[in-house]
Amino acid sequence: MSSIQANPDSLKKLKGDIDRSQREINQAIARVRSSLKSAEWRDSVKDQFERDLEQVLRSVAAFDKNADQLKRYLDKKVQILQSYQGR
């Protein structure tokens, strides 16, 4: 028989940290986009930079989508652990 090696409270904390990181990342992305929009820079180099930056920001934003899935997984694991522990 295998033993359970997880603490539901620590998994809840992990979920909270992921949630906080999501908010911080989304705020940072919005800040960078706002700064670029208000920058006094208009030439072809800026256009290329903007395209490159958007590609990077889309990659970073993918964390948001993936984090939601990870948080759901943690919720399920916490429920299973709490049921097992009789909480």
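Model, not experiment: these values are computed from the prediction.
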List for me each residue that meets side chain to side chain contact (heavy atoms under 4.5 Å, CB included) alongside Asp68, sequence neighbours excluded, and say none if there are none. Gln22, Lys71, Arg72
Pro8 versus Gln85, closest heavy-atom pair with distance: CG-OE1, 3.4 Å
Using the side chain to side chain contact (heavy atoms under 4.5 Å, CB included) criterion, which residues pair with Leu53? Sequence neighbours excluded. Val32, Leu36, Phe49, Leu57
At their closest point, which heavy atom of Ile18 faces which heavy atom of Ala67, and how far apart are they? CG2-CB, 3.6 Å
Measure from the side-chain N and O atoms of Ser21 to the backbone N and O of Asp17, and report whether any donor-acceptor pair falls under 3.5 Å. yes
Can you confirm whether Lys13 is buried at NZ, in the sense that more than 12 heavy atoms of other residues, nucleotides or ligands lie under 6.0 Å from that atom? no
Interatomic distance, Leu81 atom CG to Leu11 atom CG [nearest 0.5 angstrom]: 6.0 Å
Rounding to 0.5 Å, atoms CZ (Arg33) and OG (Ser38) come to a distance of 14.5 Å
Using side-chain heavy atoms (C-beta onward) and a distance below 4.5 Å, is Asp64 in contact with Asn26? yes
Measure the spacing between CD of Gln55 and CZ of Arg51 and express it to the nearest 0.5 Å. 11.0 Å
Answer yes or no: is there a side-chain heavy-atom contact under 4.5 Å between Val78 and Gln82? yes
Report the distance from atom CG of Asp52 to atom CG of Asp47, rounding to the nearest 0.5 Å. 11.0 Å
Quick check for you: to the nearest 0.5 Å, what is the distance between Leu14 atom CG and Leu74 atom CG? 5.0 Å
Tell me if the CD atom of Gln48 is crowded by more than 12 foreign heavy atoms within 6.0 Å. yes
Find the distance between NZ (Lys15) and CZ (Arg20) and round it off to the nearest 0.5 Å. 12.5 Å
